[in-house]
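Source: prediction; values computed, not measured.
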Amino acid sequence: MQDGDTLIVWKLDRLARSLRDLVSMLDDFHRRGIHFRSLTEEINTGTPGGKLIFHIFAALAEFERGLIIERTRAGMKAARARGVRPGPKPKLSRQQIDHARKLIDSGERREDVAGLFKVGRVTLYRALSL
C-alpha cells in the first residue's frame with residue numbers, strides 16, 4: 001500500500017489478533033500515510049473522529065499492557081512466596097552437582113562427566129558455577 005491508499009476491512013478482528021497488534025498496525029499505516037476503515041465499527045482514520053477513535057484504542061492498549069505486566073509481576077511474587085521457582089526445572093539435582101564436582105576433582109574430564117549425567121557440557125558448566 002502507498003501514501004493516500006485506504007485499507008478497508010469488514011471487522012477489526014479480521015485485521016489483528018489483539019488490540020496491541022491493531023494499534024501497532026494503525027500507527028504504521030499513519031506513518032506511511034495510509035488510511036484505515038472498518039465497516040462494522042465505522043472507524044475511518046481519514047476523518048478527525050476516526051483519528052480520535054484510533055488514539056482511544058492506543059490509550060486502551062497501553063493501559064491493557066500495564067495491567068498485564070502488573071498481574072504477571074504479582075503472580076510471580078505469589079509463586080515465589082509459595083516456594084515455586086520460575087523457569088524450567090534444573091537438569092541436575094544438588095546431589096548430582098556435588099557428585100560431578102567430586103568426579104572432576106578426582107581427574108575426570110568435564111565432557112565425560114556431562115555424558116555420565118546425560119546433560120550437555122554447557123549445562124554442566126552452568127550447574128557447577130552456581
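Taking a 6.0 Å sphere around CZ of R126, one finds it holds 12 or fewer heavy atoms contributed by other residues, nucleotides or ligands.
Residues H35 and G4 come closest through the heavy atom pair CD2-O, 4.3 Å. In plain terms, the two heavy atoms of L124 and A114 that are nearest each other are CD2-N, 3.7 Å. In terms of heavy atoms, N44 sits closest to T47 at O-OG1, 2.9 Å.
Although no hydrogens or angles enter the test, the distance criterion places a donor-acceptor pair under 3.5 Å between the side chain of T45 and the main chain of F36. In this structure, the side chain of R37 does not engage the main chain of G46 through any donor-acceptor pair within 3.5 Å. Remark: side-chain polar atoms of R31 are not paired, donor with acceptor, to backbone N or O of I34 under 3.5 angstrom.
Taking hydrophobic clusters as Ile, Leu, Val, Met, Phe, Trp and Tyr residues chained together by side-chain heavy-atom distances below 4.5 Å, I68 does not share a cluster with L60. Placement of I56 and L26 within a single hydrophobic cluster is found when ILVMFWY residues are connected by side-chain heavy-atom separations under 4.5 Å, directly or transitively. Clustering ILVMFWY residues whenever any of their side-chain heavy atoms sit less than 4.5 angstrom apart, transitively, puts F117 in a cluster other than the one holding Y125.
Membership of the apolar cluster around F63 extends to L67, as traced through chained side-chain contacts below 4.5 Å between ILVMFWY residues. Cluster partners of W10, by chain and number: I8, L39. The rule joins Ile, Leu, Val, Met, Phe, Trp and Tyr whenever side-chain heavy atoms lie under 4.5 Å apart.
Separating the CG atom in D28 from the NE2 atom in H30 is a distance of 11.0 Å, to the nearest 0.5 Å. Here CZ of R73 is found 12.0 Å from NZ of K77. Values are rounded to the nearest 0.5 Å.
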Using residues 98-110 as the side-chain source, report each donor-acceptor pair under 3.5 Å to any protein atom, sequence neighbours left out, with the distance given to one decimal.
from	atom 1	to	atom 2	distance (Å)
R101	NH2	L128	O	2.6
S106	OG	K102	O	3.4
S106	OG	L103	O	2.8

